[in-house]
> 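Just dropping this structure here.
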Amino acid sequence: MNDQYNRSWPGQEPDEPRRAQWPAGDEPQWPGGNEAPPRAPRRPAPQWPNGNEQQRPARRPEPDRTQRRVPPPPGRRPPSRQPGRPQGAPPDRPPRDGYRPPVPTEPEPEPSLLTHTELGSAGYTNDGYESGPIDAPTEFADDDPGEPETDNEGKAKPELTRRQRKKRLWRRVRRTLYVMAGLGVVIPAAAFTIAYFLVDVPTPEQVLADQSQVVTYYYADNTVMGKDIPDSGNRQILKPGEIPEVMKHAAYAAEDATFETNSGFDLTGIFRAVYNNFTGGTGGGSTISQQYIKKATENEEHTLTRKATELVKSFKLNRTQSKDEIIAGYLNIVFFGRGAYGVQAAAHVYFNKDAAQLTPSEAAFLAGLIQGPSRSENTEYTTRRWNYVMDNMVKYNWLPAADRQAAQYPTPQPKSQAKAQAISGPNAFIQAQVEDELANAGYPKERLQTGGYNIYTTIDPKAQQQMEQAVNDIMKGQPDELREAMVAVSPKDGGVVAYYGGPNKPGVDEVDWANTMRNPGSSFKPFDLTALLQTGKGLGETYNGTSPQEFGKNADGTARKVTNAGAANSCSEQCTVAEAMKISANTVFYGMVYNDGTPEHDGLGYQAVVKAANQAGINNLDDVHDANVSIGGGTARATALEMASSYATFAGDGARHPQHFVAKVTSPGGEVVYQPPTDAKPAFANSQDKSKQIAGNVTTALKPVIGFTKLTCPSNHECAGKTGTQQYKDTGMNSDVWMVGYTPSIAVSSWVGTPTPGPIKDKNGKSISSSGLPALMWQEFLTNYLKDKPAEKFPTVQPIGKTPEQATTSTVTTTTPPTNTTTPPSSPPESSSPETPSSSSERTRTRTSPPSSSRPNGGIILPPGNTDSSG
């Protein structure tokens, strides 16, 4: 019961006026004659403004009226009056039956909410309760702080200052950080401990057993090309005391200079690897112990999980084995190239001696191969790594400086003397190309042998046989000093269909000439035309085709003179580009590209030609800085593989596919683990339609070249192509001759030359021309390859710019028709006198050293010599 409506003080009898209002006979009878005052009658509940009965304060328990009323405790809301009723006003509605309102001794205030009640100055409200301060918050105040905090004795705590609140906040943050830091240490430590007892460290014997697996190579028709069988015969596990100190020091210098003092892992390197993992960078900081684990497990994934597992295993390795045992195990399983696993095998295949007999230079050579064993035949790479290791050996006091000064790069024995190859002859060059391609894709040879993978190539066995047959037929009886190469590439997907880099005779000639860079001569002119078409000009543009012409000055001040190969290769001063391409007029294309900043020689510039060649598929043109590139001379060089691939871009309607030898790689169970990308991209423009139009215009210009060169296309097939001749100095003799051409289904390049650029002669002692041996090889292969294949024609495209029909017809400056003056293929060359500049700037690039058997960047770069280009 709520007694807030009883206006009498405790112990006070109801006054007479109120008693008089009771009906007669209804006066309350006090039980037992108890004179305790009666309970006040219930009054109607106040009506809250929002009508929500749930906001009504709970009723107090029935008070003991024998006790004196005490004020409510601090923070408790005193009772409120009914809202909206002034003091002394009668109720808004009649009382209920049996209810008689008390008669107050003073005017009764109107009930209202406490928020509407004015507090008396005496500290009590008019309804008899003690009030708080005037600004004390009430239950319904907007800024009510709630119940005050109390201490253990129930006393209210003083309010915190701003500084104290801030201090308490930071204390909570600090404690949270302590907990997080603790978890960051405890959880990894627990995981590390659990992993430590779960992981196993493989022994060198176990690793070598896993490495002894055969890799099988397949042709495109799934027939076996050959097998790469690891050389298990020369494997030998050396004990820690059997590995010479010089080899250990060389390995430390190459891979981990702190190996003898570190704990098996490098925290700085690990953090660097983690950072690179998140930022997309490369490189880490593996110690020799970590590398041993990585080589033993063959797990090359760039993930934090692999790095963490590797760390645990390397830590366990250093706790269970001595440093001598670890370095011995590492050098017993690491791959050094040439199929050699372990330092003992490597010492035999490279230097034909035991590891104990290695010199500091030889040890440094082998240690330098650990990072790039697939580049073991790249002299530039191995020399750079050898210098790095030797310098570090001096730096860390493992080699006297005087010995370093006296040391010379050790020349390893020829690869053919190391071991017999399971895949031999011309196919061995295919295997080397496959290994290079897969190494760049993340599958080095050691990984292939560890997995025992099956490699399916793009090589068509029938086409490969036809190519070797064409080379053998045409080159039969020719001088032994001649070298030849031939490559066929599919324009449909960029796959290499057939590849011939030479006979690969052990000890005689082991150079892959199809991957050797030589001057391409006039076979580079289609890239001049591509650059011209990209500007919007067409085959009807005219240039001066007379011969000779001067273009500026050489470095020595002499006039730079350019000539055509002969009368049949010259035309008028208004010679169209189409005519110039057919007859291979050097002066037209040199003038088209040449630019010395004067209005009369405002050409394309050599940069435009380099760009077009790169777009088609020619690389390694960074050394080109003059217009010699227009006729394939000077420092402009390319391989037979690149020429076939770039012409395949023309044959493929301007769509460039990535060149590749590998179709797929599968596990022994048949699961595909790698496939190369084959998606085509527009080569010469942003859109495929525009790129196709440019390529189609190039094809239009190259189709007449076949007939002019006295070649014939296979029956029911259209073909296009270009010859190329590089003249040796001003001798009138050629050093490199080419024929590169294509149909809609195949692009083929062929080359004939000598190991070192020089005059080339056939078996009759006559100079070899581009329309001779290389053209005959090209035609024989193409005829046999396309036999019984469906007929094909090039698509028709819209001409770009001015057409030849719209230009003035050019006049060939010869007294007889070109067809009567053309020399037969077996006769001396029809195009033997090219541009004749011999500037000192070109001579400074001349190198006469013989080529090595290395394959830098996938091929051998030979010096151009003092050679000039011709058509």
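Computed from a prediction, not measured in an experiment: that's the story for all the values here.
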> Looking at N697 and Q798, would you say the former's side chain and the latter's main chain have a donor-acceptor pair under 3.5 Å?
yes
> So which heavy atom on H717 is nearest to which on A791, and how close?
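Heavy-atom minimum between the residues: CE1-CA, 4.1 Å.
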> How long is the span from the CD atom in E642 to the CD atom in Q659, to the nearest 0.5 Å?
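Separation between the atoms: 7.5 Å.
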> Can you measure from CZ (F524) to OG (S630) and round to the nearest 0.5 angstrom?
10.0 Å
> Could you tell me whether the side chains of S523 and Y647 share a donor-acceptor contact shorter than 3.5 Å?
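Absent: no donor and acceptor within the cut-off.
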> Hey, which of N734, L482, D736 is the one that makes side-chain contact (heavy atoms from CB on, under 4.5 Å) with I768?
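Only match with I768 under side-chain contact (heavy atoms from CB on, under 4.5 Å): L482.
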> Is there a donor-acceptor contact under 3.5 Å linking the side chains of E437 and Q433?
no
> Show me the donor-acceptor pairs, under 3.5 Å and distance only, between side chains in residues 534-541 and residues at least two apart or in other chains.
from: Q534; atom 1: NE2; to: Q615; atom 2: OE1; distance (Å): 2.8
from: Q534; atom 1: NE2; to: F684; atom 2: O; distance (Å): 3.0
from: T535; atom 1: OG1; to: L532; atom 2: O; distance (Å): 2.5

> Quick check: F661 with F429 (ring centres under 6.0 Å apart)?
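When the ring centroids of F429 and F661 are compared, they turn out to be at least 6.0 Å apart.
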> Could you walk me through whether K722 and S770 pass the side-chain hydrogen bond (donor to acceptor under 3.5 Å, both in side chains) check?
CA-CA 9 Å; K722 187 71 187 74; S770 56; over 6 Å; no
> OG1 of T754 to CG of D480: how many Å apart, nearest 0.5 Å?
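T754 atom OG1 to D480 atom CG measures 13.0 Å (nearest 0.5 Å).
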> Hey, are S771 and T723 close enough side-chain-wise for a donor-acceptor pair under 3.5 Å?
no
> With no hydrogens and no angle check, is any side-chain donor or acceptor of D762 less than 3.5 Å from a backbone partner on G765?
yes
> Answer yes or no: is there a donor N or O on one side and an acceptor on the other, between the side chain of S749 and the main chain of V740, under 3.5 Å?
no
> Just verifying a value: how many Å separate H660 NE2 and S645 OG, rounded to the nearest 0.5 Å?
10.0 Å
> Say you draw a straight line from OG1 of T576 to NZ of K802; how long is it, rounded to the nearest 0.5 Å?
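Interatomic distance, T576 OG1 to K802 NZ, rounded to 0.5 Å: 10.5 Å.
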> Check side-chain contact (heavy atoms from CB on, under 4.5 Å) between S745 and all other residues, then give those that pass, not counting sequence neighbours.
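For S745, the residues satisfying side-chain contact (heavy atoms from CB on, under 4.5 Å) (neighbours in sequence not counted) are T743, L786, E792.
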> Kindly determine whether E718 and C713 satisfy side-chain contact (heavy atoms from CB on, under 4.5 Å), including the steps that lead there.
CA-CA 6 Å; E718 283 190 332; C713 294; 5.9 Å; no
> Will you find, in the side chains of S570 and N564, an N or O donor that is under 3.5 Å from an N or O acceptor?
yes
> Is the shortest heavy-atom distance from the side chain of Q779 to the side chain of M739 under 4.5 Å?
no
> For residues R483 and P755, determine if any side-chain heavy atom of one lies less than 4.5 Å from a side-chain heavy atom of the other.
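R483 vs P755: side chains touch.
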> N586 and K525: side-chain donor and acceptor closer than 3.5 Å?
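On atom types as modelled, these side chains qualify, holding a pair under 3.5 Å.
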> Which heavy atom of S735 sits nearest to which heavy atom of R518, and what is that distance?
O-NH2, 4.3 Å
> Using atom types as modelled and distance alone, determine if a side-chain donor or acceptor of S691 lies under 3.5 Å from a backbone N or O of A683.
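Yes; judged by distance alone, with no hydrogens or angles, the pair exists.
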> Does the side chain of P426 come within less than 4.5 Å of Y500's, by heavy atoms?
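Of all side-chain heavy-atom pairs linking P426 with Y500, at least one is under 4.5 Å.
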> State the CZ-OH distance between R560 and Y590, to the nearest 0.5 angstrom.
4.0 Å
> Under a 4.5 Å cut-off applied to non-hydrogen side-chain atoms, are W778 and W738 in contact?
no
> Would you please say whether a donor-acceptor pair under 3.5 Å links the side chains of S687 and D689?
no
> Quick check: do F527 and S646 have side-chain heavy atoms less than 4.5 Å from each other?
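Contact flag for F527/S646 side chains = yes.
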> Looking at D509 and V511, would you say the former's side chain and the latter's main chain have a donor-acceptor pair under 3.5 Å?
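At least one qualifying donor-acceptor pair exists.
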> Within a 6.0 Å radius of atom NZ on K789, are there more than 12 heavy atoms belonging to other residues, nucleotides or ligands?
yes
